Amino acid sequence: MNAKKNKTLLKKPKYNILFVSSELHPFAKTGGLGDVSSSLPKALKALKQDIRVLIPAYPFAIEKAASIKHVATINLPESGFPGQLGLSTQPGEIRSVAILETKLPGSHVKVWMIESEIYNRSGTPYSDENNNEWEDNDFRFALLNYIAVEIAMGRASLEWLPDVVHGNDWQAGLIGVLLEQEHSESQKRPATVFTIHNMAHMGIYSRERFDALELEAHLWNHHELEFHDDFSFIKGGLVFSDRVNTVSPTYAEEIQSEEFGYGLSGLLTYRNERLSGILNGIDMKEWNPAKDPHIKKNYSIKSLSQKHKNKIALQSHFNLPRKKKTLLLGLVARLVYQKGIDLLLENMEEILQLPVQIAILGSGDLELESRLRCWTTRYPDKIQIQLGYDESLSHLIEAGSDAFLMPSRFEPCGLNQLYSLRYGTIPIVRETGGLADTVTHASKENLSNHTATGIVFLESKGSTILDAINLASLLYQNKTIWQKLMVNGMKQEFSWKESARQYLKLYTQAIKDRDKYKKHAPVF
Ligand code: ADP
C-alpha cells in the first residue's frame, strides 16, 4: 500500500457530536455524571471533534456561566410529545424554550442550555433543597430529549447537524426512541449512542404519565418502553440506541446478570453485541496534586514527603488530633446504600478500636447521615463528618488522607479511586465494576511485581470491610510497602485521551449500525 493511501486510512474520523446530559461540571453536578460530561467532551474536542453539550438551564448553572448568549428559540408543539409539560400558557400563546450558548470553562467546547420555567428552580438537577425529588422529572427530562431531537434534525435554526447524538443515563433515554420515528427521505437521522452511568436509576413512570407525555401509543409494549406495567426511560435508551455502553468493562458484564441488571439483564444480554464498557478517565488538570489550588501543599511523585502537610490541614479542618502516624482514612460520597455506608457502619465499633482516624464528606440518606453523626459524638477524636457538598474539601480529603474508603455494593466506574491513585492515597475498594478494573490488590505477588496499588476485598460485608481496614493499618506500619503502593498508584495513567479514542470508535460503529439495521432489532 502506498504511503498516501495508508495515511488516509489511518486518518481519524471527524464527527459532529451532540452530547446530552442532565449534569455538567462545573455548572451542575451531583456525582460522576457531571465530571464525565465535562471531561469527555473536552477530550473529544482535543481529538478535533466538533462537540456540543446540551443541558437544561438550571438557575445555578446559568449563574456559573461567565458569558452567555441567546442563540435560538424553539417552539413546542400544540399536541403530541412532550405533552403539555405543565408550562403555563395564555390562550393563543405559543409555548417555546430558548437555547442559550456558553462555553465549558477552560475549553472551547460549546454548551447549549435549554431555558424554560420548568428548569427554573433552586436545589439540585433532580430535587429541591430538602432532597425531595421533583414530581415532574419525567416532563422535565422529556423536554431535554425533545429539544435534543429538534436540534439533531436541524429544526432549531442552529445551522449545525450532528452525526451522532450521545445520550447519558435515563434522563436522555428517549432520544433514540424519538429519532427512530423520524422518516424524512431527504435527511438521515443521526446515529445514537447511549451511555449507562448507573443502572440503578431507571426513570420509571406510570401509564398515566406515559399518556400525559403523549408518547405514541404503539411504544407501550414490553419489547419497547413498557416495564412491568409502568414504562422506563432507560429502557428506551437500551432498546433504541444504535450502540449502548457503560463506564467500565466489568460493569458491562455485571449488568447482564440478575443482581446488577434491575430487571433488564435479559435485554442487555440480548443486545450484548452492541454493548461495551469504556473506562472513564479523569480530568488531569483539575485533579493534579502538583498544581491543585484547593490543597494546602502541592506535591508530586518526586516530593511525596510534602503530602503530610495536607494531612495536618485535613486533621485541623475536621478537628481531629494531629497525629502523624495514625492512618487517616478519607471518604467522599453520596451517602447511600450503593456506596456500602450501612456496611461500614455495621462494624464501626471495631474499626474505631484500630489506630485510625476517619474524615467523611457527603450527604444523602438521612438515616445513614444520623448514624454516622452518632459515631462522631461517641468518638470525636477518631471520626468526623461534614455533611453537604464541598468541591474544594473533596480535593483536600484526596490529598490529606493516607487511604480512601470505597466499600461500594456496586460501582459502574467510580472516580474517587482514580483521584486517590493520582494523589498517592491508597484506595480501599470492593472488587466490583470500575473499582475492580482500576485497583490492584496489595497481595505479596502484586507487591513484588510492582503492580499493587490498593486494597481490594471481595465480599459486600461489614466484617470484610473491617478486615480490609485492618490490613491497611498493618501495611501502613511498613513505610517501604506503603511508599511502594503510593508510587505504583501515582504512576497509573487514567487520562481521558485513550478513553476518548475508544468513544470515537464507538461513534463509528454506531453510524455503521444505523446504516446497516435502520430500525432497532425486536427484543426476544
Ligand atoms: P457517583 O457518580 O456514583 O456519585 P463517582 O465516584 O463516579 O460516584 O463520582 C462522584 C463524584 O462526586 C466525585 O467527583 C466525588 O468527589 C464527587 N462528590 C460526591 N459527593 C461529594 C460531596 N459531598 N462533596 C464534593 N464532591 C462530592
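Scope of the values below: all heavy atoms of this structure, side chains included, with no hydrogens, waters or symmetry mates. Remember, it's 1-based here, ligands and their atoms both numbered in the order they're listed. Note that the coordinates shown come from a computational prediction; the quantities given were computed from them, not determined experimentally.
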Report task. Classify the ring geometry between Phe141 and Tyr126 as parallel (under 30°), tilted (30 to 60°) or perpendicular (over 60°). Result -> tilted
Requested in this report: Could you tell me which atoms of ligand 1, counted from 1 in the order shown, lie closer than 4.0 angstrom to a heavy atom of Asp390?
Outcome: 24 (N), 25 (C)
Report summary line: What one should report as the nearest heavy-atom pair of Val239 and Arg271 is O-NH1, 3.2 Å
Query raised in the report: Quick one: does Lys29 get an N or O within less than 3.5 Å of an N or O on ligand 1?
Result: yes
Query raised in the report: Is Glu459 salt-bridged to Arg430, cutoff N-O under 4.0 Å?
Result: no
Query raised in the report: Looking at Arg209 and Asp136, does any basic side-chain N land under 4.0 Å from a carboxylate oxygen?
Result: no
Requested in this report: Report yes or no: does a heavy atom of Gly388 sit under 4.0 Å from some atom of ligand 1?
Outcome: yes
Query raised in the report: Does His197 approach ligand 1 within less than 4.0 angstrom via side chain, backbone, both or neither, non-hydrogen atoms only?
Result: neither
**Report entry** Main-chain N/O of Arg140 paired with Tyr119 side-chain donor or acceptor, under 3.5 Å
**Finding:** yes
Requested in this report: Tell me, with the steps shown, if Lys29 and Asp35 meet salt bridge (Lys or Arg N to Asp or Glu O under 4.0 Å).
Outcome: CA-CA 7 Å; Lys29 168 176 159 182; Asp35 286 333; 2.9 Å; yes
Report task. State the atoms of ligand 1, each with its element, that fall below the 4.0 Å cut-off from a heavy-atom position in Lys339. Result -> 1 (P), 3 (O), 4 (O), 8 (O)
Query raised in the report: Between Gln306 and Leu304, is there a donor-acceptor pair closer than 3.5 Å when you use the side chain of the first and the backbone of the second?
Result: no
Query raised in the report: Between Lys42 and Asp283, is there a salt bridge with N-O shorter than 4.0 Å?
Result: yes
Query raised in the report: How far is atom 10 (C) of ligand 1 from its nearest protein heavy atom, and which residue and atom is that?
Result: Gly32 N, 3.6 Å
Requested in this report: Could you check which of Ser363, Gly34, Ala333 puts a non-hydrogen atom nearest to atom 20 (N) of ligand 1?
Outcome: Ala333
Query raised in the report: Which residue supplies the protein heavy atom nearest to atom 22 (C) of ligand 1, what is that atom called, and how far is it?
Result: Tyr389 CD1, 3.5 Å
**Report entry** Salt bridge flag under 4.0 Å for residues Arg409 and Asp342
**Finding:** yes
Query raised in the report: Taking only heavy atoms of Asn416, which atoms of ligand 1 are found under 4.0 Å from at least one of them?
Result: 6 (O), 13 (C), 15 (C), 16 (O)
Query - For ligand 1, the portion of Asp35 having any non-hydrogen atom under 4.0 Å away - result: side chain
Query raised in the report: Which ligand 1 atoms does Tyr419 reach within 4.0 Å, using its non-hydrogen atoms?
Result: 14 (O)
Query raised in the report: What is the closest protein heavy atom to atom 6 (O) of ligand 1, and at what distance does it sit?
Result: Leu415 N, 3.0 Å
Query raised in the report: Any idea which protein heavy atom is nearest atom 4 (O) of ligand 1, and the distance to it?
Result: Arg334 NE, 2.8 Å
Report task. Identify the heavy atoms of Asn298 and Pro289 that sit nearest to each other, and give their distance. Result -> ND2-O, 2.9 Å
Report summary line: Per-atom filter on ligand 1: closer than 4.0 angstrom to a heavy atom of Gly362 are 23 (N)
Query raised in the report: Could a heavy atom of Gln417 be found less than 4.0 Å from some atom of ligand 1?
Result: no
